Amino acid sequence: MKKLFASLAVILLLTGCTRGEQSQRSTAPSGEPIAMAVTSVVSRKLDITLKIPGEIRPYQDVPLYPKIPGFIEWIGVDRGSVVKPGQLLVKLVAPELTAQCNEAQAKARAVQQQLREAERRLESAKAQQREAEARLAADDVTCRRLKEAARTPGIIALNEVHIAEETVNADRAAVQSRAQVVEAVKAEIHSLREREAAAVQALKNIEDIRQYLYIRAPFYGVITERNQHEGSFVYPPSGNQYPPMLRLKENSVLRIVCYVPEEATAGVFQDSKINFTVAAYPGKIFTGQVARISRSLDIPSLTMPVELNYFNPKWTLNPGMFPEIQWPMRRTYPTLFVPVTAVVESLKAPFVLRVKDGVLEKVEVRRGQTMGDLVEVFGNIKEGDLVAVKGTDEYPSGTRITPIASSAPSGGSSIGL
């Protein structure tokens, strides 16, 4: 048995060697050139349209919350209501705020009453001061005349002169006293005026706060949410703990937000006209205008956010739609193109088969954008070089071929991202 198995093994080994020699003889080149379709490398300016998904957003979007706690007394709009700037939407009531306002009004009135009384006392004090000054002037004249007459002996008694001098001194003291009263009343009036100003300002502050009880529309738009009703207690949010009373969106102008790939950012220009479509209106093309460019790439996605403005006076489009942006991608300079089928993907690097003097040569390239049946290539090739129309790794470099002329496709297409 051992001898039998050994004989079978030798037979199988010899058979395998014979088949390997026959296989080598069958794949060996016969020496005859291989017929192969070739085309020229062309130089063109890239002009394609990328299809980029986008998002339609309102130009302005605000949730409406109360600034102070209160109860909803009246609400005059609902979902779908169209509102104008300044229009009253919600009216609140806050009993505590009303009490504070009444108290501030009472304080302001009390201070104003005190101020009026002080002003009347000031007028009275000034009148008394003028009366004292007049009495002083009269008594002073009388005193001087008595002194003049007393120079002649026997005409005026010295006691009368002394009495006149004392009267003048008393008048001067009365004038000074009245002046001090006037200054004191003036100081009191100044203090009361400051208190009045503070009371009026406090009242104004409360009145300003009371204006928060009236929620008005900040701009022209449409109410898209209503989450509260009359009688509900509402209060300022803390971390958006509850939904807004109302949500207002401006839909007459829309923001079309799209994310442009890195390779297409060179074609982003301010005020450019960009077409887009939406599923709600199949076959209809809308046009927006580039309004805001972020000028910065988002690192994870390597895209640049760009916003278009779309004027929507009839509210044809609505926020939340997902349009398909037809983003034009153009180069201002020409690049080299070959048929898409000419580029062969390999583990090392993509390559094309260049034909030179009837011999194949592998040339490594880097792929660019696709334009119709053509693809951009960058590498050690130039315009006019002949390449195989259908690249393959079946034939090694140095293979002789018989070139068959083939026309290059024209290119031009839209690319979906």
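The first residue in the sequence is number 1, and the count goes up from there. This is a predicted model, so every value here is computed, not measured.
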R178/E133 ion pair, N-O < 4.0 Å
no
Acceptor/donor pairs from residues 356-363 side chains to any protein atom, 3.5 angstrom cut, sequence neighbours excluded:
residue: E361; atom: OE1; partner: R354; partner atom: NE; Å: 3.4
residue: E361; atom: OE1; partner: R354; partner atom: NH2; Å: 3.3
residue: E361; atom: OE2; partner: R354; partner atom: NH2; Å: 3.3

Contacts of type side chain to side chain donor-acceptor pair (under 3.5 Å), residue E103, not counting sequence neighbours:
none
For N205, give me all partners under side chain to side chain donor-acceptor pair (under 3.5 Å), at least two apart in sequence or on another chain.
Q201
Y65 ring center near Y235 ring center (under 6.0 Å)
no
Qualifying residues under salt bridge (Lys or Arg N to Asp or Glu O under 4.0 Å), relative to R130, sequence neighbours excluded:
none
Which side-chain N or O atoms in residues 276-290 pair as donor and acceptor under 3.5 Å with protein atoms at least two apart or in another chain?
residue: Y281; atom: OH; partner: T316; partner atom: O; Å: 3.1
residue: T287; atom: OG1; partner: N275; partner atom: OD1; Å: 2.8

Can you give the donor-acceptor pairs under 3.5 Å from side chains of residues 208-219 to other protein atoms, not counting sequence neighbours?
residue: D208; atom: OD2; partner: K204; partner atom: NZ; Å: 3.1
residue: R216; atom: NH1; partner: G86; partner atom: O; Å: 3.3

Sorted by chain and number, sequence neighbours left out, salt bridge (Lys or Arg N to Asp or Glu O under 4.0 Å) with R57 holds for E55
Residues in salt bridge (Lys or Arg N to Asp or Glu O under 4.0 Å) contact with R367, at least two apart in sequence or another chain:
E345
Have Q112 and R109 got a donor and an acceptor in their side chains that come within less than 3.5 Å?
no
Holding to side chain to side chain donor-acceptor pair (under 3.5 Å), I want the full list of residues that pass it with E165, two or more places apart in sequence or in another chain.
K147
Show every salt bridge (Lys or Arg N to Asp or Glu O under 4.0 Å) that has at least one partner inside residues 84-95, sequence neighbours left out.
E73-K91
Would you please name every residue forming a side chain to side chain donor-acceptor pair (under 3.5 Å) with R292, sequence neighbours left out?
E307, N309
Taken in chain and number order and not counting sequence neighbours, the residues that satisfy salt bridge (Lys or Arg N to Asp or Glu O under 4.0 Å) with R135 are E131
